[in-house]
Amino acid sequence: MASQISPHVRVRFAPSPTGYLHVGGARTALYNYLFAKKNKGEFILRIEDTDEARSTEESLRGVVDDLVWLNLLWAEGVNPQTLQDVGPHGPYRQSQRQGIYKEVAEKLLGEGKAYYCFLTDEELEKQREEAKLAGRPPQVNSPYQDWPLQKALEHIQVGNKGVVRFKTKGLAKDYIFTDLVRGEVRFPSDMVGDFVLLRSDGMPVYNFCCVVDDHLMKITHVLRAEEHLPNTLRQMMIYEAMNWEIPQFGHMALILDEDRQKLSKRKGAVACGQLKEEGYLASAILNFIVLLGWSHPEGTEIMTVEDMIQAFDVSRLNPAGAIFDRVKFKWMNAMHLRALPHAEIWKLIQPFLQREKMELPQDPAWQERSVAAFKTSMETLVDAIELYKPLNDKSYVILPEAEETLKWDPTRAVLTTWRDLVAKHPTDYLTEEEFLKIQDEVKNSTGAKGKNLFMPIRVAVIGKPHGTELKILVPLIAKNSLIARAEQALAAI
RNA sequence: GUUCCCAUCGUCUAGGGGCCUAGGACACCUCCCUUUCACGGAGGAUACAGGGGUUCAAAUCCCCUUGGGAACGCCA
């Protein structure tokens, strides 16, 4: 297991642009990124867009934007703005590397390690069903596997189309490798049938381009999700056939949903972009997912990417799957949020407040005070909306939960006195001390105390009897606004 | 079905033969702080899937069982 790390580490994250970046992909990217940084190597972004039907430019744009937002930047791949190739081993989009794959396929074909297969979909389907009935694995048994290349070429010449399959016949042995996270893994060669290398339209298939590219791009370590573990056998066969050096593999456990199933785009919908919309910070996402399958040697939980790089080690990667727990994730986001400077938090909540068309004071001192007052009540950035609403005159409404308080005997007197005292105040805003003083005066002149005192005032300030401390809230609301609200509350009695 | 992978509190995990009466974190419960709700602080409850070995000693090593997951495509 303690395989030495080659002098120059090169790793890659290879998404297929067929959807958005989800947390599973983000974690794979993160681990690769951390591994590269830790070992002073290179992190490469390769685009696996050989599925022409499903790959889209928008999706690529989205995945790239999400990676940039997460600050997982690559040394080679596509330029984040232009999406044009950057780096010495390009192109980095597989759809643009077809000539390369074709060359390799031809070599394999020429050496009899691959063959053209002309089985139709129907024939394939029939074979699969028969195998299933017989209790055999559903592998192809192609009658074309022993055709001489020349004969196949002539067959194509006259208009037939075929796929190129890798020939597994004669490979009867176990393929063994040492997985960076699982230790020794052993596959019997008959676990797979003759698999497709090139489709009938000439487009290569994942397992093939993955090997070709990893080799040509000098990838030293392949850290990927566990779902790829069985693919490793096919890939090892190709490496062997080409006589290429096999990189180190590490298969990381899957991120699971609440039902312990692989997080899927259909069900989980844990897209990074969506989490951003929900008010999560990039730093919190990274921190949370890094802990899904890895742990800091000192047990540290809240950390920066810099901390992760310092401490990262594949030997601490956990082979068991992990459930994505949104509750802990939210807590972690709150911790990251609180650690930020107030001005930064203010900046981050702007898109959310603007979405609600809130009009808040422009004064930076006011903004700073407001963040200081609210940040411990914020778990995600969207929480700012409910927190700031009371400060926005337009959204002052008396809520049903305030009705009872308004019915209390002392309420009218408390509110009247409160309004009058505020009206007499000389400046636009009350300080905390000034508020407490006024509250005290209301108490003395009305005789109301305890909740009979502060609940009515709170209703007159935020429209409901529970919420943020008044001494924090009141200094954030202009005097005229306080008076208007008190009037409104009085009118509702 | 076949092959492969996995298995410690509800969840994320520490642990890698004796330091384990199993540690931490989230969540939960209790108390304190608080003229509300939070924040914060102090406590608490909760786990080695089961069975066999190996060993003076097993959460830790081996085997079996069970349970879970993944893969078996002209998807990646």
task = Verify, without hydrogens or angle tests, whether A/D190 (side chain) and A/A172 (backbone) share a donor-acceptor contact under 3.5 angstrom.
result = no
message = Between B/G18 and B/C62, how far apart are the two P atoms, rounded to whole Å?
response = 16 Å
task = Using the C1' atom on both, measure B/G40 against B/U21 and round to a whole Å.
result = 31 Å
key: Any donor-acceptor N/O pair under 3.5 Å between B/A27 base and A/K328 side chain   = no
inquiry  = Would you measure the distance from the C1' atom in B/C26 across to the matching atom in B/A47 and give it in whole Å?
reply    = 16 Å
task = Sticking with atom P, work out how far B/G15 lies from B/U34, rounded to a whole angstrom.
result = 42 Å
Those residues that, when tested against A/Y388, pass side-chain hydrogen bond (donor to acceptor under 3.5 Å, both in side chains) (two or more places apart) = A/S370
key: B/U55 and B/C63, which share atom name C1', separated by this distance in whole Å   = 16 Å
remark   = Protein-proximity profile, nucleotides 59-67 of chain B, B/S/- by nucleotide at the 4.0 Å heavy-atom cutoff, equals ---------
key: Closest listed nucleotide, where the reference is the side chain of A/E301 and the choices are B/A25, B/A71, B/U13   = B/A25
message = From the set B/A25, B/A27, B/A14, return the single nucleotide nearest to any side-chain atom of A/V327.
response = B/A27
Same-atom distance (C1') from B/U54 to B/C72, integer angstrom = 37 Å
message = So A/E48, base contact, sugar-phosphate only, or nothing? Heavy-atom distance under 4.0 Å.
response = sugar-phosphate
query = When you compare B/A58 with B/G73, how far apart are their C1' atoms, in angstrom units rounded to a whole number?
reply = 45 Å
task = Give one of base, sugar-phosphate or nothing for A/R165, where a contact means two heavy atoms less than 4.0 Å apart.
result = sugar-phosphate
inquiry  = Using ring centroids (six-membered ring only for Trp), state whether A/Y31 and A/F312 fall under 6.0 Å.
reply    = yes
message = Any donor-acceptor pair, under 3.5 Å, between the side chain of A/S200 and the base of B/C74, if you only look at N and O atoms?
response = yes
task = With heavy atoms under 4.0 Å as the rule, sort A/R316 into base, sugar-phosphate or nothing.
result = sugar-phosphate
task = Let me see the working for A/F288 and A/Y280 under ring pair (Phe, Tyr, Trp, His ring centres under 6.0 Å), right down to the final yes or no.
result = CA-CA 11 Å; A/F288 188 70; A/Y280 289 94; 9.2 Å; no
request  = Give a yes or no on whether the ring-centroid distance for A/F118 and A/H155 is below 6.0 angstrom.
outcome  = yes
message = Say we look at B/C39 and B/C48: how far apart would their C1' atoms be, to the nearest angstrom?
response = 36 Å
ask   = Do A/K437's NZ or CZ and the ring of A/F435 fall within the cation-pi criteria of under 6.0 Å and 45°?
value = no
message = Under 3.5 Å, is there a donor on one side chain and an acceptor on the other for A/D49 and A/S95?
response = yes
